[in-house]
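Letters go in sequence order (proteins before strands), and every chain restarts at 1.
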Protein chains: 4
Amino acid sequence: MARKPTSDSTRRSEKSRRAIYAAALALVGEVGYARTTIEGVAARAGVGKQTIYRWWSSKADVLMEAFLDLGAQAAEQAAGQDARPGAEYAVPDTGDLAADLKSVLRATVDELLDPQFEVPARALAAEGVVNEQLGREFVTKLLEPQLQLYVQRLRSAQDAGHVRADVDPRIALELFVSPLAQRWLQRTAPITHAYADTLVDYALHGIAPR
Amino acid sequence: MARKPTSDSTRRSEKSRRAIYAAALALVGEVGYARTTIEGVAARAGVGKQTIYRWWSSKADVLMEAFLDLGAQAAEQAAGQDARPGAEYAVPDTGDLAADLKSVLRATVDELLDPQFEVPARALAAEGVVNEQLGREFVTKLLEPQLQLYVQRLRSAQDAGHVRADVDPRIALELFVSPLAQRWLQRTAPITHAYADTLVDYALHGIAPR
Amino acid sequence: MARKPTSDSTRRSEKSRRAIYAAALALVGEVGYARTTIEGVAARAGVGKQTIYRWWSSKADVLMEAFLDLGAQAAEQAAGQDARPGAEYAVPDTGDLAADLKSVLRATVDELLDPQFEVPARALAAEGVVNEQLGREFVTKLLEPQLQLYVQRLRSAQDAGHVRADVDPRIALELFVSPLAQRWLQRTAPITHAYADTLVDYALHGIAPR
Amino acid sequence: MARKPTSDSTRRSEKSRRAIYAAALALVGEVGYARTTIEGVAARAGVGKQTIYRWWSSKADVLMEAFLDLGAQAAEQAAGQDARPGAEYAVPDTGDLAADLKSVLRATVDELLDPQFEVPARALAAEGVVNEQLGREFVTKLLEPQLQLYVQRLRSAQDAGHVRADVDPRIALELFVSPLAQRWLQRTAPITHAYADTLVDYALHGIAPR
DNA sequence: TCATAAGCGAGACGGTACGTCTGGTCTTGCC
DNA sequence: GGCAAGACCAGACGTACCGTCTCGCTTATGA
């Protein structure tokens, strides 16, 4: 997404890059996405505006990379050795599918409620709704890798006979992930651990009488 | 949301109001939400800027009312007598829950893919993600009334013994509605009638072996 | 010169206009022409940039009008009744041509050495050297009207037989005016009352033996 | 004016110097002084910006040296042996002062009308009006040496009794040189051979009846 | 003869100002 | 008093250059 035709990127200032990420995330957190401006980011980062325009094509683009970087850094910290970006954690596989899914979904609830994560994530998600290019990048780089972890766990559950063989795992995971996502994105209702548990139970056994 | 303290509203120009709605929807459709400006709407509607600021507080606010008006008009056309805004249709109740849900969900798929609907809806949804006040209004006035139709149908199904009594209908409906919403909002995957059907089946019977 | 296509100028803010003139002249006096910026003028005048760009096409244009206004105001003050702009004073006509010319030329020397006049005048003159359009306006509106006063006095002297009839007054005046102008503009040598007197004497009687 | 403390100047690239002069003169001729930029000169000369900043302190400085170099080269071509910079030619001395002055003044008219000379000369003159340091250098290096040629010729005329002994030659020459200079600089009126002749005649014999 | 230091092309950097665009407010007639 | 029109103050936009600062590369001694 970045407009990097000019760069051999050798001479790029690492210090500026980090300062810009930090400033962008801080400003979005403080005044929101709409009132975050490139000028503001540049001023806060102690950087010329051109240094931003040289490497990124838009405010959304800067924030996206800042957010990806934030995730990458968090991952590095969490597992110094296991730093494959974008696939930081796997869904646990204890053999108890319901428990494993609930555990991860509860962690997701906690993350979605963490203000430090929430504001930039919301800003990116909103921009992605309206800006197809950025939306697809958001999905490809952030969302889908997370969802694939569920796909893996569900496949393993199919092998163990805990999920029907004719079920498509990529669709199945949406039964409990999407409701959470929609409640968060659109604020249709509060999200809690109990709610997460309920979603998993309903998704596994359906709502019709057995 | 509108800032109507000034107005006596008696003298308000109906012609201007309709022209503003039309201009706002047209511009959003043509150039997208971000590049739609109050100035542009005013110019296109042949209206002074102040006439917009007098009755609405923001670009999002204008678009929201324009969109609600669009829905209301569509409803009036569809059913001259049954014009209760926001609750135009009920989910059909033929006794076959799966068929009824699939039928409505398929209609929703069609609507989400209609470009005339898609662009302003997407714009409003995006703004709502980031702007809590507008988001809540969007949910209250547009989304939740639609969802309550499913709640009614699910309650009726519970009465008929087709849905377990201990199931919360408000959560249950999210199993098939939210995945569709998320695929549309975030473009994680395409939405089709077949997909809608699958969601209903999975939601009713779960993904675990019976 | 101003780019006034938009304006009916009825609604133009007189207060802003005067504030802009004052700010422009003050800034040019304080930091020089090159370091005077439109942004600076706007800020100092407490005015939006667009209000400047709406009525003037360039920094030079603003300064030119500010300078003309300054002259007009000075003239109004000097002679409340005799406020014909651009032709404020006539060269005196006492019958003694040499004395009359020396008197006016000495006054010009004083004006050229007045810092309040010098800095903006120099800035305009410099811009006019390089910018033909502005240069011509400068000459037409400021310089030539002044020079025509000398033409009138020289014609009167011709009638009185104090200047040869075959002499072109428009050229003749340059013999004493242009040397002063060049010394001032290009700083080739200092300008004094004595120098002014010498120029008049040389011009009247030539440098060749009589 | 150049900031040469760093340099040992032995290692200086002659090729770059010439390329910079050529690029500067070409650009000033093509787009004018204001729109000539150091970056543009560097790019056109195929030179790094630092190579310019290393040897010159400003745009005006570069152009001044380029212009001096242009004059020096012209002089070298005109007289391979007589290449004293800045004092290439003397005013001819045929004994007929009027004829000698007219001849040189006519040549000056031709030079001032030569576009190749005019644009950079105008740019330098304009800068000099506003920038005292450069203005003085311009006068010292270019203008005054030329004027001194007239001083010499007028002294010789005084010796021959063709100019009054009490006349200051440095002032006298301005009677015919400055009008020409002002007409050129400020475009107050056209300059022609006939005009030059008239100036000489008026200056020699005055405008008063003899 | 070869390291070594200067000049060099290139271009990223922190800045400033440009001229444009829009936001939201205010003012002026018209209806 | 609502309205169309549009001037006003404010300030962000994305661009162009400023003058400084590395970066490797070439080149020309001088140890």
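OP1 or OP2 of F:dC9 sits under 4.0 Å from a side-chain N or O of C:Thr51. At the phosphate of F:dC3, OP1 or OP2 sits under 4.0 Å from a side-chain N or O atom of B:Trp55.
C:Val41 approaches C:Ile52 most closely through the heavy-atom pair CG1-CD1, 3.8 Å. Among all heavy-atom pairs drawn from B:Val28 and B:Val119, the shortest one is O-CG1, 3.3 Å. Listed here is the closest heavy atom pair of A:Ser16 and A:Thr51: CB-CG2, 4.4 Å. Taking each heavy atom of A:Leu63 and A:Pro120 in turn, the nearest pair found is CD2-O, 4.3 Å. A:Leu134 approaches A:Asp61 most closely through the heavy-atom pair CD1-N, 4.2 Å.
Residues of residues 27-40 of chain A that place a heavy atom closer than 4.0 Å to DNA chain F, in numerical order, are A:Thr37, A:Ile38, A:Glu39. For the segment residues 13-23 of chain A, the set of residues with a heavy atom within less than 4.0 Å of an atom of DNA chain F is empty.
Straight-line distance from the CD1 atom of C:Ile52 to the C1' atom of E:dC21: 17 Å, rounded to whole Å. Computed from coordinates, the C:Trp56 CH2 to E:dG19 P distance equals 15 Å when rounded to whole Å. Taking atom CZ of residue C:Arg12 and atom C1' of nucleotide F:dC9, one finds them 16 Å apart after rounding to whole Å. One can place CZ of D:Arg54 at 14 Å from P of F:dT22, the figure rounded to the nearest angstrom. For C:Gln50 and E:dC18, the CD to P distance is 13 Å, given to the nearest whole Å.
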Using atom names, set out every protein N or O paired with an N or O of nucleotides 27-31 of chain F below 3.5 Å, distance rounded to 0.1 Å.
none

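If you take OG on A:Ser58 and CG on A:Asn131, they are separated by 7.0 Å, rounding to the nearest 0.5 Å. Here the OH atom belonging to C:Tyr33 is positioned 5.0 Å from the NZ atom belonging to C:Lys59, to the nearest 0.5 angstrom.
Pairs engaging residues 17-27 of chain D under the salt bridge (Lys or Arg N to Asp or Glu O under 4.0 Å) rule: D:Glu14-D:Arg17, D:Glu14-D:Arg18, D:Arg18-D:Asp69 [sequence neighbours left out].
With sequence neighbours left out, C:Glu30 forms a salt bridge (charged side-chain N to carboxylate O under 4.0 Å, His left out) with C:Arg44. Not counting sequence neighbours, the partners of D:Phe67 by the ring-ring contact (aromatic ring centres under 6.0 Å, His included) test are D:Phe117.
If A:Ala45 and B:Lys59 are placed on DNA chain E by their nearest nucleotide, the residue sitting closer to the 5' end is A:Ala45.
On a pure distance criterion of 3.5 Å, a polar donor-acceptor pair joins the side chain of C:Lys49 and the base of E:dG19.
Not one N or O on the side chain of C:Arg187 forms a donor-acceptor pair closer than 3.5 Å with the backbone of D:Gly135.
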